[in-house]
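Just below is one structure, and these are the notes that go with it.
Count residues from 1 along the sequence. Just follow the structure's listing: the first ligand is 1, and inside any ligand the first atom is 1.
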Amino acid sequence: MQSSFITRRDFARLSVAAAAGSSIPLLRPSILAAQTPSTGRKIRFISIGTGIRGCDLLRAARLVPNGELIAIADLYDMHQKAGVEAYGVDVPTTRDYRPLLDRKDIDAAIVAVADFQHRRVVLDCIAAGKDVYCEKPMSHNVQDGFAMVKAVQENKRIFQVGSQRVSNIVYKKAAEIYASGRLGEVSYIEGHSDRNSPSGAWVYPIAPDASPQTIDWTTWLRDAPSIPFDAARFFRWRCFKDYGEGLAGDLFVHLLSGIQCVRGTNQAPNRALSAGSLTHFNDGRDFPDLLATLYDYPGVTLNLHCNQNNAAGEPVIFYGREATMVINGNSLTVTPQDTSPQPEGYSLDGWTTEAKQQYLKEWHAAHPTPAPRLAEVESWSAPPGYNDTADHIATFFHAIETREHVVEDEIFGNHAAIACHMANFSYFHRAIATWDAASQTIKS
Ligand SMILES: NC(=O)c1ccc[n+]([C@@H]2O[C@H](COP(=O)([O-])OP(=O)(O)OC[C@H]3O[C@@H](n4cnc5c(N)ncnc54)[C@H](O)[C@@H]3O)[C@@H](O)[C@H]2O)c1
């Protein structure tokens, strides 16, 4: 099977090409370093949920050689087969993951079930002593998040949430630049994640074979209100409050996790204020197709939006006093700000010529040294085909061996998810959402 990921040889070739032609330095994929298992023992894992994301995770996991998929569990027959295809090895499949958790020869589970199902599946895995990679957003609501934090900590498990930007080499470079202080004081950060297509708005096709015979609907719906089989809800669960969190849980969480990672912070916001609308994809869904949220974090204001009606891109912009840093997909640019002293211009328009000349004479006398040349704009990029999910899985497997906490652990994932829940709380309550850490609740 063809891999979309680059090999060691590709990387060498790309680096030479970059040195010869392109002025944008390519960052070195960390996955290459993760390819040598330290103990020689493989991490034996199962995959629970092999729909869209579960299959992507398995394609990425194939590129991480110190892992070995042992079995697949999914409630939908076609997704089981798709999971086998994605990993490229004929492993056993089942609808019921629980007997797999009893096996002592299995170290870990990669969990990619719908958001409202995270809590139950994660708690089952943790109770069975497994380490867990759980897809983002960590929780469907605040209570679920804290239940998972408690279980992970009491059972001393390795737990990683699946917002793969946290292991992305571009974000790591951005974090290094941020920590160096080169941007100066950053008091404002902006991030978007925009799309303009039915697929971008989760209007996913309904597979022709979907039925109560091919899907275990009763188990799928176990932690949500009981309703008759509804294939649209199975495939488009992101649109509904009972199962997902709309744009905040689907996309804000990536922006928030990436920003937490770059800033080296790990906390919930103090306050959030959302606005938005449902103008185009008015198909019976619960969530808006535009969500904009202003977050008040200690020391920084964050402005995020996700729009399903305009594909303006996915930039994350850090506005510093000394430089602006923009992450756009897998590239990074730092543009220095000119903060050297300048004589006043505009506000002297109301001065007489004589007063102006006097001012300028005094200004130049007070600033005899010419301003230093402004630093060049600098850019970096990940190599073509770079796959940050593979790096994120490699990070997880490495932590299983070393028993060291990962960056995107249960606390980090919970904080990012709380911020998503605050965005929705504000939108639906039409009020400012305030985080009350003492009671672990969102208040208005
Ligand atoms: N990190 C990313 O970039 C990214 C991208 C897409 C989705 N996700 C996340 O991944 C998760 C899955 O999303 P998706 O788009 O793949 O959804 P999906 O509906 O395509 O797949 C989920 C699968 O989980 C299975 N499932 C549910 N409960 C189960 C159970 N008890 N036992 C076994 N299987 C069960 C379902 O049958 C389904 O096949 C979500 O949390 C989503 O937010 C993350």
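Here's the thing with Lys136: one of its N/O atoms is less than 3.5 angstrom from an N/O atom of ligand 1. Remark: ligand 1 and Thr50 share no N or O pair separated by less than 3.5 Å (distance only, no angle test). The shortest N or O to N or O distance between Ile48 and ligand 1 is not under 3.5 Å. Below 3.5 Å of separation, one finds no N or O of Tyr97 facing any N or O of ligand 1. Considering backbone and side-chain N/O atoms, Ile52 comes within less than 3.5 Å of an N/O atom of ligand 1. At a 3.5 angstrom cut-off on N or O pairs, Arg222 does not count as close to ligand 1. Ligand 1 has a nitrogen or oxygen under 3.5 angstrom from a nitrogen or oxygen of Gly162.
Within ligand 1, the atoms closer than 4.0 Å to a non-hydrogen atom of Ala73 are 33 (C), 34 (N), numbered from 1 in the order shown. Each of the following atoms of ligand 1 lies closer than 4.0 Å to a heavy atom of Trp237: 13 (O), 17 (O), 18 (P), 19 (O), 40 (C), 42 (C), 43 (O). Here is the list of ligand 1 atoms found below 4.0 Å of a heavy atom in His254: 1 (N), 2 (C), 3 (O). For ligand 1, the atoms sitting less than 4.0 Å from at least one non-hydrogen atom of Gln164 are 1 (N), 2 (C), 3 (O), numbered in the order shown with element in parentheses. If you number the atoms of ligand 1 from 1 as listed, the ones under 4.0 Å from a heavy atom of Gly49 come out as 23 (C), 24 (O), 25 (C), 34 (N). Of all atoms in ligand 1, listed by their number and element, those nearer than 4.0 Å to a heavy atom of Gln117 are 27 (C), 28 (N). Within the listing of ligand 1, atoms 38 (C), 39 (O) sit less than 4.0 angstrom from a heavy atom of His79.
With Leu101 as reference, Asp124 is the one residue of Asp124, Asp96, Ile106 to meet the side chain to side chain contact (heavy atoms under 4.5 Å, CB included) rule. A side chain to side chain contact (heavy atoms under 4.5 Å, CB included) with Ser379 holds for exactly one of Thr333, Val334, Asn328; it is Thr333.
Between the side chain of Glu410 and the backbone N or O of Gln153, no donor-acceptor pair lies under 3.5 Å.
The six-membered or imidazole ring of Tyr295 lies away from that of Trp435, with a centre-to-centre distance of 6.0 Å or more. Taking the six-membered ring where the residue is Trp, the centroids of Phe287 and Tyr427 are separated by 6.0 Å or more.
Residue-level proximity to ligand 1 for Arg53 is carried by backbone and side chain together, each with a heavy atom below 4.0 angstrom. When non-hydrogen atoms are compared, ligand 1 lies under 4.0 Å from the side chain of Arg238 (C-beta onward) but not from its backbone.
Between the side chains of Thr279 and Ser277, no donor-acceptor pair of N or O atoms lies under 3.5 Å. No hydrogens or angles considered: a donor-acceptor pair under 3.5 Å links the side chains of Arg53 and Thr389. Using modelled atom types and a 3.5 Å distance limit, the side chains of His305 and Asp194 yield a donor-acceptor pair. Using modelled atom types, one finds no donor on one side chain facing an acceptor on the other under 3.5 Å when comparing Asp391 with Asn168. With 3.5 Å as the limit, one finds no donor-acceptor pair spanning the side chains of His254 and Glu314.
At the shortest separation from atom 36 (C) of ligand 1 among protein heavy atoms lies Asp74 OD1, 3.5 Å. In this structure, atom 12 (C) of ligand 1 lies nearest to the protein heavy atom Ala112 O, 3.3 Å. Protein heavy atom at the shortest distance from atom 44 (C) of ligand 1 is Glu135 OE1, 3.0 Å. At the shortest separation from atom 21 (O) of ligand 1 among protein heavy atoms lies Gly51 CA, 3.4 Å. In terms of protein heavy-atom proximity, atom 29 (C) of ligand 1 is nearest to Leu75 CD1, 3.3 Å.
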task: With side chain to side chain donor-acceptor pair (under 3.5 Å) as the test, would you mind laying out the steps for Tyr319 and Glu190 before giving the verdict?
output: CA-CA 8 Å; Tyr319 296 92; Glu190 225 179 342; 2.5 Å; yes
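The shortest heavy-atom distance from Phe234 to ligand 1 is under 4.0 Å.
Looking at Val113, Asp77, Leu57, Leu251 and measuring to atom 35 (C) of ligand 1, the nearest heavy atom belongs to Val113. For the residues Val111, Asp250, Asp115, the heavy atom positioned nearest atom 41 (O) of ligand 1 is part of Asp115.
Judged as a ring-ring contact (aromatic ring centres under 6.0 Å, His included), and not counting sequence neighbours, Phe240 has no contacts.
Sequence neighbours left out, the pairs with a member in residues 54-77 that pass ring pair (Phe, Tyr, Trp, His ring centres under 6.0 Å) are Tyr76-His79, Tyr76-Phe234, Tyr76-Phe235.
A salt bridge does not link Glu378 with Lys173: every distance from a Lys NZ or Arg NE/NH1/NH2 to an Asp or Glu carboxylate oxygen is 4.0 Å or more.
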